[in-house]
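What follows is a set of notes on a single structure, which appears directly below.
Order of the sequence lines fixes the chain letters, A, B, ..., with proteins taken first and strands second; residue numbering starts at 1 for each chain.
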Number of protein chains: 2
Amino acid sequence: MATANVTPITSADRTFIQLRQDIVEGVIPAGAKLSETELSTKYQVSRAVIREAINRLTACHIVERRANVGARVVELSEAGLQELYEIRESLEGMAARLAARNMTMAEINKLLNLLDTHFETVREGESYYQEAGDYDFHYRIILGSKNQQLITLLTEGIYHLVRMYRVQLGMAGPRVTTAYAEHKHIAQAILNRDEELAEILMRRHITYSKNTIAKKLASQS
Amino acid sequence: MATANVTPITSADRTFIQLRQDIVEGVIPAGAKLSETELSTKYQVSRAVIREAINRLTACHIVERRANVGARVVELSEAGLQELYEIRESLEGMAARLAARNMTMAEINKLLNLLDTHFETVREGESYYQEAGDYDFHYRIILGSKNQQLITLLTEGIYHLVRMYRVQLGMAGPRVTTAYAEHKHIAQAILNRDEELAEILMRRHITYSKNTIAKKLASQS
DNA sequence: AAGCGCTATATTGTCGACAATGATTTGGTT
DNA sequence: AACCAAATCATTGTCGACAATATAGCGCTT
């Protein structure tokens, strides 16, 4: 009776997650061809589970597949980044709106606490904030929307692509303090249950973030 | 050299499309269990391609799968409709914004022509408009966004679920003339390259549309 | 008779082999 | 030498069989 509600994990699930991580982290570089037989030996599973993993990655736009030809990791381009962030702006803006409507006071308080903690670490000069803290903030708001489909779309689909851009461009440095101020304003709007403002601020925040990445990408090509 | 750029279609593609249609049209009812062996005999293909089809349908939230248990067609609920339309509002609003920015004059003119043709048929009392014409209008705007990821997300993902709700609730009747006026205003905003207005109007339009369906769904349960 | 545990059964997950398709190389022709 | 065609090769798509898991049914115990 005390058995936790643990959902079984299949071999295909594990392989999917592992493969996705290897791509996002750049172990398998952007644009690389994904040979099914090669991967099946590498991950010690049959081609069937590799195919399932690749199919799932195709669904979230991390790899592209052509029938009878094969699958390749997507190429990172400025156009692709633009497209991705237009979608992210749209969906996360909506998430912020819904969060302002649906988050409980307890959840909002935890969000505010989080920001305070971040502020401390930022002042102490750790740029660790950007990677983990930024994600944490956005994640809580997404969950706060209470829209299960939206949550899946963002956390299972778009997020990993976003992360792929950030990781492979070596994003770590700047935009820490400004981002903090923006986060603070968004949280305040949610606290005030101001849906309209929460959405607007989130969209602007994401647009700024995109511009930072786009600049970096342009400077590297 | 004259060979058209025809992308090959695999058996899995066909089965996926067929299965999706059968579910959306209600041939396979909402909430039904999808037995792999049963479907493989029904569609005359191996279980492997059935599994691939089911996996793809899972990716676009038309079926839900639990490991080692099986897949079921999603249940149509008011909450699900609400969630779906929040996402649709967000994404198609963005599509309208981008369409106002990126559609060519030729495309905009075709859009306006389309509306005029619709107006004629509407006056003659054919409610045929709603199903095909409405879709045509939205489809052109989505394509007009020129955002390939957004296009895929909407046309391959969300649209089929939307259609599933509309078909299975027997949507055909009302909201023809009012929807026409709304369409006209959106097109006008796009013509004026007014991104902000195009997005706002599209979002309102979709919200109205949701309310109509929600009412119908409530009256049937 | 109700509840628990075990067995039996059906369904899903995984695998290796075969078929079909696309790419490459080789040989021939102009 | 350049180009085309046919055959070879490698890779993907599909299939049927086996293994693993969950459900259902049965018998046993209390």
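Candidate nucleotides C:dT12, D:dT11, D:dT14 were compared by shortest atom distance to the side chain of B:Arg51, and C:dT12 ranks first. Of all nucleotides listed (C:dG13, D:dG13, D:dT14), D:dT14 comes nearest to the side chain of B:Val49. Side-chain proximity of B:Asn68 to the nucleotides D:dC15, D:dT21, D:dA17 is greatest for D:dT21. Of the candidates C:dC15, D:dT14, D:dA17, C:dC15 carries the atom nearest the A:Ala48 side chain, counting heavy atoms from C-beta on. Side-chain atoms of B:Arg65 lie closest to C:dG13 of the nucleotides C:dG13, C:dT14, C:dT12. Of the candidate nucleotides D:dG13, D:dC15, D:dT23, D:dT23 has the atom nearest to the side chain of B:Arg66. Minimum atom distance to the side chain of B:Ala67 is reached by C:dG13, of the listed D:dT11, D:dT14, C:dG13. Side-chain proximity of B:Ser46 to the nucleotides D:dC15, C:dT14, D:dT12 is greatest for D:dC15. The B:Thr37 side chain lies nearest to C:dT12 when the options are C:dT12, D:dT14, C:dA23. The side chain of A:Ala12 has C:dT14 as its nearest neighbour among C:dT14, D:dT23, C:dA23.
In this structure, B:Leu34 reaches the sugar-phosphate backbone alone: every heavy-atom distance under 4.0 Å involves primed, P, OP1 or OP2 atoms, never a base.
Between B:Glu36 atom CD and C:dT12 atom C1' there is a gap of 6 Å when expressed in whole angstrom units. Per the geometry, CG belonging to B:Asn55 stands 14 Å off P belonging to D:dT14, to the nearest Å. The nearest whole Å value for the distance from the CG atom in A:Asp13 to the P atom in C:dT14 is 8 Å.
Enclosure of atom NZ in A:Lys110 is not indicated, since only 12 or fewer non-hydrogen atoms of other residues, nucleotides or ligands lie within 6.0 angstrom. Around atom NZ of A:Lys215, no more than 12 heavy atoms belonging to other residues, nucleotides or ligands sit under 6.0 Å away.
Using a cutoff of 4.0 Å between basic side-chain nitrogens and carboxylate oxygens, B:Arg204 and B:Glu182 are not scored as salt-bridged.
Between A:Val69 and A:Val45, the residue anchored nearer the 5' end of DNA chain C, judged by the nucleotide with its closest heavy atom, is A:Val45.
Contact of the A:Ile50 side chain with the A:Leu39 side chain is registered, since non-hydrogen atoms from C-beta on lie closer than 4.5 Å.
Across every non-hydrogen atom of B:Val74 and B:Glu64, the tightest pair is CG1-CG, 3.9 Å.
Note on B:Lys33: a side-chain N or O is less than 4.0 Å away from OP1 or OP2 of C:dT12.
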